[in-house]
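Notes follow the structure.
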Protein chains: 2
Amino acid sequence: MKPAELTLAISTHLPEMRKSERKVAEFILANLSEVIRMRIVDLAEAAGVSEPTVVRFCRAVGCDGFQAFKLALAQQLASSPSYGQIAVTDTDSVAEYTFKVFDSTVDTLLKVRDSLDLEMLTRAVQAICVANRVEFYGFGASAAVAFDAQHKFFRLQVSAAAYADPHLQNMSATSMAPGDVVIAISQSGRTTTLINAMEQVKNRGAIVIAIAPSDSPVAQAATIPLTIDAKEDIQIYTPLSSRIAHLVVIDVLAIGVAQHKGGQLQEHLLDLQHGLEALRVPNTESD
Amino acid sequence: MKPAELTLAISTHLPEMRKSERKVAEFILANLSEVIRMRIVDLAEAAGVSEPTVVRFCRAVGCDGFQAFKLALAQQLASSPSYGQIAVTDTDSVAEYTFKVFDSTVDTLLKVRDSLDLEMLTRAVQAICVANRVEFYGFGASAAVAFDAQHKFFRLQVSAAAYADPHLQNMSATSMAPGDVVIAISQSGRTTTLINAMEQVKNRGAIVIAIAPSDSPVAQAATIPLTIDAKEDIQIYTPLSSRIAHLVVIDVLAIGVAQHKGGQLQEHLLDLQHGLEALRVPNTESD
DNA sequence: TCGGCTATTGTAAATAATTTACAAATAAAT
DNA sequence: ATTTATTTGTAAATTATTTACAATAGCCGA
């Protein structure tokens with residue numbers, strides 16, 4: 001029994017349950033966090049059924065017994081930390097908004113992780129691996145993402161560049177050729193300049209990977225769309241978590257490329273590490 | 001009992017434990033995931049002690065009894081999906097390494113969240129709020145973080161700049177004055193050029209906030225150190241999760257500043273939003 | 001090193017929790 | 001309406017956990 005899917009399992013089995021088992025199920029779904037502190041007697045009473053019915057319910061959702069059920073439930077609860085809306089208010093303390101920002105980011109990452117199109121991801125990695133050069137386009141907050149990506153891929157011996165200037169982007173776009181790859185990054189998915197550049201790149205026969213919301217013009221304009229729908233909790237302040245999600249998706253691409261490149265890359269990375277050491281106070285690590 | 005800190009609690013209490021309790025502790029730490037499936041008798045036998053000793057151990061680490069202990073352990077295990085080794089191997093499938101990258105990032109974020117010094121964070125927010133100007137210094141991967149930060153704070157009507165060029169950094173540093181704030185970002189915490197710039201900034205009477213590993217020279221050189229120890233799981237590829245942690249910490253600072261600025265900032269942000277709309281395909285949102 | 005003291009651990013009993021077996025009751029079908 | 005199958009609960013048995021207490025081991029001072 002995978003804990004991450006317990007509540008799902010409960011909901012799934014609901015229709016085929018008996019009346020009193022359903023009472024248990026409904027009570028549990030409505031009182032998830034209390035249930036893990038309850039004994040079988042308490043739960044039976046609270047749900048208005050007998051103890052054996054609770055046991056039967058546990059078996060029905062795929063657990064070995066009541067204890068096993070509680071354990072699985074506890075795990076599921078622990079693994080979806082926020083689960084709900086996180087809105088920073090004017091009166092939040094430092095501790096409160098710190099936790100909210102972290103938790104909402106974590107929440108976003110888990111959602112994005114589960115909604116990624118692995119097929120597209122695979123295609124994107126392959127395209128990057130065989131590309132002559134890889135360029136990143138992005139404006140605003142996505143510009144920082146693009147530069148981060150450039151840095152990362154450059155380390156992986158990929159000929160990478162990043163442009164946040166529309167003129168440079170255009171010049172880059174017109175110089176693209178088949179075998180090249182452009183990665184267009186947009187949080188809004190509706191930046192017209194970016195879409196124009198993408199069209200130009202496609203006309204030149206190069207591949208365009210987009211990291212953007214699904215159903216957005218940017219995603220639609222891509223050869224390989226990597227769609228990311230990170231509902232922004234703190235929208236107005238600036239894209240917080242969705243930008244992080246973009247970065248992590250790029251991390252995944254980078255790991256994919258690194259894996260493809262295999263052994264000789266490791267040596268290159270170690271060389272880089274040694275090179276950077278000269279710029280540092282004696283010790284170890286990477287910047 | 002906060003589940004997230006159970007293993008920590010076990011380790012903490014280890015020295016003050018009796019011989020046989022320690023046997024229990026050691027067995028548990030070495031067999032975390034098996035223990036949650038064990039009954040008290042099994043565990044007692046496996047650890048070579050009696051059952052009451054196990055109960056005493058549970059109480060010693062702050063739990064109410066054996067069941068409560070198991071529940072807490074289960075939660076901790078579920079909430080730190082990786083706990084230890086997330087190493088991407090050469091044979092991982094796309095799905096595997098995607099999950100590993102996301103999970104290790106989440107893991108890092110949760111750890112960083114729990115280890116942040118809220119006092120320092122508060123001081124940092126206050127310093128930024130009253131600063132005449134705020135500048136971000138960072139090299140390599142941290143340069144992208146710096147530019148991202150600049151963008152974010154600029155939106156918040158903070159006079160922000162970011163420098164990844166040591167010369168510019170130096171020029172900026174020597175132009176600093178009391179009331180100014182520099183935020184030095186470093187993943188390694190040992191970049192000599194950065195440390196030099198920080199010293200100069202301090203000499204000019206300005207405040208230096210560092211985002212760097214604890215005990216690192218960069219953290220030590222700061223007026224307000226925000227220490228972040230993100231053990232890198234996938235070290236060699238490039239700092240993945242720790243860089244994300246830095247970004248999220250900056251998000252927290254930004255939210256803090258936004259909260260301080262209050263109402264009139266909201267209007268400014270809406271204005272910005274409207275301004276950006278002109279650059280987009282009709283619809284809504286931010287980039 | 002021995003005797004007395006304290007602290008630690010285990011044994012066994014008691015309590016509490018879960019599960020099983022079975023019987024009552026309800027619902028369904030002929 | 002009666003029989004049959006299904007569902008549910010009662011009560012007993014089993015199993016697990018906890019407590020009380022006794023035994024033992026370790027420690028300190030003489």
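Because only heavy atoms are used, hydrogens play no part in the values below, and waters and symmetry mates are left out as well, while side chains stay in. A note on names: the letters A, B, ... follow the listed sequences, proteins ahead of strands, and every chain is numbered from 1. Nothing here was measured: the structure is a model prediction, and the numbers come from that model.
Of the candidate nucleotides C:dG10, D:dT18, C:dT19, C:dT19 has the atom nearest to the side chain of A:Arg59. Taking every side-chain heavy atom of A:Arg39 into account, C:dA16 is the closest of C:dA16, D:dT18, C:dT19. The side chain of B:Arg18 lies closest to C:dT8 when the candidates are D:dT17, D:dA20, C:dT8. When each of C:dT19, D:dT10, D:dT17 is scored by its nearest atom to the side-chain atoms of A:Pro52, the top-ranked nucleotide is D:dT10.
The minimum heavy-atom distance linking A:Ser50 with A:Ala44 is given by the pair C-CB, 3.8 Å.
Take A:Arg59 and apply the salt bridge (Lys or Arg N to Asp or Glu O under 4.0 Å) test, not counting sequence neighbours, and it matches no residue. Every residue meeting the ring pair (Phe, Tyr, Trp, His ring centres under 6.0 Å) condition with A:Phe57, not counting sequence neighbours, appears here in chain and number order: A:Phe69. By the salt bridge (Lys or Arg N to Asp or Glu O under 4.0 Å) test, A:Asp64 is found to be paired with no residue, residues two or more places apart in sequence or in another chain being considered. With sequence neighbours left out, the salt bridge (Lys or Arg N to Asp or Glu O under 4.0 Å) criterion links B:Lys202 to B:Glu199.
Atom CG in B:Asp64 sits about 15 Å away from atom P in D:dT17, given to the nearest Å. Following rounding to the nearest Å, B:Glu51 (CD) and D:dT17 (P) show an atom-to-atom distance of 8 Å. Note: CE (A:Met38) to C1' (C:dA16) measures 17 Å, nearest angstrom. Computed from coordinates, the B:Glu45 CD to C:dT11 P distance equals 12 Å when rounded to whole Å. Put simply, CZ on A:Phe69 is 12 Å from P on C:dT19, counting in whole angstrom units. Distance CD1 (A:Ile40) to P (D:dT8): 15 Å, rounded to an integer number of Å. Here the C1' atom of nucleotide C:dA17 and the CG atom of B:Leu71 are 15 Å apart, to the nearest Å. Between the P atom of C:dT18 and the CZ atom of A:Phe57 lies a distance of 15 Å, rounded to the nearest Å.
Counting distance only, with no hydrogens placed and no angle test, the side-chain atoms of B:Arg56 and the base atoms of C:dG10 include a donor-acceptor pair under 3.5 Å.
At the phosphate of D:dG9, OP1 or OP2 sits under 4.0 Å from a side-chain N or O atom of A:Thr53. Distances shorter than 4.0 Å separate none of the side-chain N or O atoms of A:Gln67 from OP1 or OP2 on C:dA17.
Between B:Phe99 and A:Val252 there is no side-chain heavy-atom pair separated by less than 4.5 Å.
Less than 4.0 Å separates DNA chain D from at least one heavy atom of each of the following residues of residues 19-29 of chain A: A:Lys19, A:Ser20.
Annotation: salt bridge (Lys or Arg N to Asp or Glu O under 4.0 Å) contacts involving residues 20-36 of chain A, sequence neighbours excluded, comprise A:Arg18-A:Glu21.
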